[in-house]
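The residues of the chain are indexed from 1 along the displayed sequence.
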Amino acid sequence: MDPETEFLSSKRQTGNEWELFKENVRPLKRGRNVDLLNHALKAHTNDQLKKSLLENRRRLIEAIDEYQGDDPLQPWLDCIKWVQEAFPPGGDFSGLVLIYEQCVRAFWHSDRYKDDLRYLKVWLEYAEHCSDAEVIYSFLDANDIGKTHSAYYIAYALHMESKSKMKAANDILNLGISSNAQPIEKLRDAYKKFLARSMRRPNATEEELKEDDLPVRSFGTVLARGESQRQAIKTFELGRNKLKQDQVHRTPLSIYNDTNMDVMRGHHSKPSTGSNSWHTLGGRAERNKENNAMPAKWTSHKIPQRPVPRIVGAVASAQIEVFVDEECEEKPKVHDEKDRTSSLQLRELDGRNIKKETELLRENPLRNFPSNSLPR
């Protein structure tokens with residue numbers, strides 16, 4: 001049976017969601033399972049399927065707290081992997097950033113996982129979702145997390161290179177090689193590629209500076225090197241000649257004063273010496289004469305009030321009892337010890353504050369960590 005006939009006979013309802021929503025799928029380094037991807041993308045149009053995804057996520061979160069095995073990091077990894085598959089677009093509503101933060105915060109003080117590559121990869125994935133990952137790499141450096149793996153130095157150096165801090169990136173890679181981070185071959189290969197990129201970078205920078213030095217025509221074309229020199233010399237000569245002409249023909253500017261205007265009107269002009277002349281502005285008291293009113297005391301004025309008759313022997317009325325339906329009455333929440341020590345609160349991961357909390361973590365990924373663990 002050919003694949004097309006097999007697909008039609010299976011009566012599968014999913015299979016083309018990938019083609020409809022592929023622009024909304026966040027790529028993963030390990031790739032994706034097409035069947036799981038189509039099933040997850042169908043939740044865009046199926047509310048029942050979307051509810052089932054949220055329910056599965058809640059069960060995985062509960063499984064983290066109920067885990068009694070020897071590797072408490074494993075249920076976190078299972079939850080992270082499932083969320084990545086079940087919520088292909090990622091985004092703030094998936095809760096993935098919150099899960100990353102809760103996971104790394106649960107084991108940052110554990111010596112068992114400081115050199116665990118799986119735990120380091122969770123940190124690196126968390127750093128990719130933050131606006132500035134440098135604070136995370138500084139935290140890993142201060143707490144000696146993942147410093148035996150070459151993946152830490154490569155990711156750290158790439159981040160510093162993206163910020164044009166080439167010297168810092170070079171020092172980080174050299175530190176990893178001197179520390180014999182494993183696998184050392186991968187780190188040395190990354191360092192060779194970094195050197196090749198850094199050798200090309202200064203040449204490009206010099207070319208940009210040279211282009212910026214060239215004069216630009218009004219219509220946007222760049223002049224050639226020889227033409228630009230001739231244009232500069234010509235402009236300088238014209239400016240110097242114009243300056244000499246101005247110095248030769250410069251004469252004092254005379255102001256015309258008509259003295260016959262008052263004679264023609266029949267009276268002689270006399271200099272005004274009055275205090276109201278426009279030549280003098282007067283003192284501050286004259287300029288502020290419209291503000292001479294002194295403030296009065298308002299407490300001496302009383303507003304007339306209407307007299308209210310008093311009721312003699314008035315008795316306080318009984319309190320009005322508010323009716324509360326027993327079915328709608330809120331029961332007191334019982335917080336057991338397990339809920340208090342839950343390693344993943346995330347506000348049930350279904351609340352409206354997921355997006356807000358995710359945005360806060362993107363800006364400050366270590367906002368929930370104790371102050372003594374932060375790098376100084």
Please identify each residue that fulfils side-chain hydrogen bond (donor to acceptor under 3.5 Å, both in side chains) with [X], with sequence neighbours left out.
X: N364; result: none
X: S178; result: none
X: Q182; result: N180
X: R118; result: D71, Q74, D116

Next on the checklist: For a 4.5 angstrom cut-off between non-hydrogen side-chain atoms, does L53 reach W82?
Outcome noted: yes
Item to check | Which atom of V122 lies closest to which atom of V104, heavy atoms considered | outcome: CG1-CG1, 3.7 Å
Checklist outcome for this item: A151 and L124 have their tightest heavy-atom pair at O-CD1, 4.0 Å
Is it true that [X] and [Y] make a salt bridge, defined as a side-chain N closer than 4.0 Å to a carboxylate O?
X: E357; Y: R367; value: yes
X: R58; Y: E62; value: yes
X: K51; Y: D47; value: no
X: K165; Y: E134; value: yes
X: D141; Y: K147; value: yes

Parallel, tilted or perpendicular: which fits the ring planes of [X] and [Y], with parallel below 30° and perpendicular above 60°?
X: F139; Y: F369; value: perpendicular
X: W123; Y: Y119; value: perpendicular
X: W76; Y: F107; value: perpendicular

Checklist entry - Just how far is it from atom NE2 of H129 to atom OG1 of T358, taken to the nearest 0.5 Å? => result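 Reported value, rounded in 0.5 Å steps: 10.0 Å.
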Checklist entry - Residues two or more places apart in sequence or in another chain: which of them pass salt bridge (charged side-chain N to carboxylate O under 4.0 Å, His left out) with E128? => result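 E128: salt bridge (charged side-chain N to carboxylate O under 4.0 Å, His left out) contacts with K29.
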Next on the checklist: I'd like to check the ring pair (Phe, Tyr, Trp, His ring centres under 6.0 Å) partners of Y153; sequence neighbours left out, ordered by chain and number.
Outcome noted: none
Item to check | From CA spacing to verdict: side chain to side chain contact (heavy atoms under 4.5 Å, CB included), C103, I64 | outcome: CA-CA 10 Å; C103 178; I64 295 175; over 6 Å; no
Checklist entry - Is there a donor-acceptor contact under 3.5 Å from the side chain of K193 to the main chain of R188? => result no
Checklist entry - Are the side chain of N174 and the backbone N or O of N170 linked by a donor-acceptor pair below 3.5 Å? => result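 Present.
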Next on the checklist: Within the supplied structure, the quantity of interest is the number of heavy atoms (other residues, nucleotides, ligands) at a distance under 6.0 Å from K121 NZ; does it exceed 12?
Outcome noted: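 For K121, atom NZ is not crowded (no more than 12 foreign heavy atoms under 6.0 Å).
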Checklist entry - Are I136 and L360 linked, directly or through other ILVMFWY residues, by side chains that come within less than 4.5 angstrom of each other? => result no
Checklist entry - In terms of side-chain heavy atoms, does Y100 have a donor or acceptor partner in E125 at a distance below 3.5 Å? => result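 Indeed, the side chains of Y100 and E125 share at least one donor-acceptor pair under 3.5 Å.
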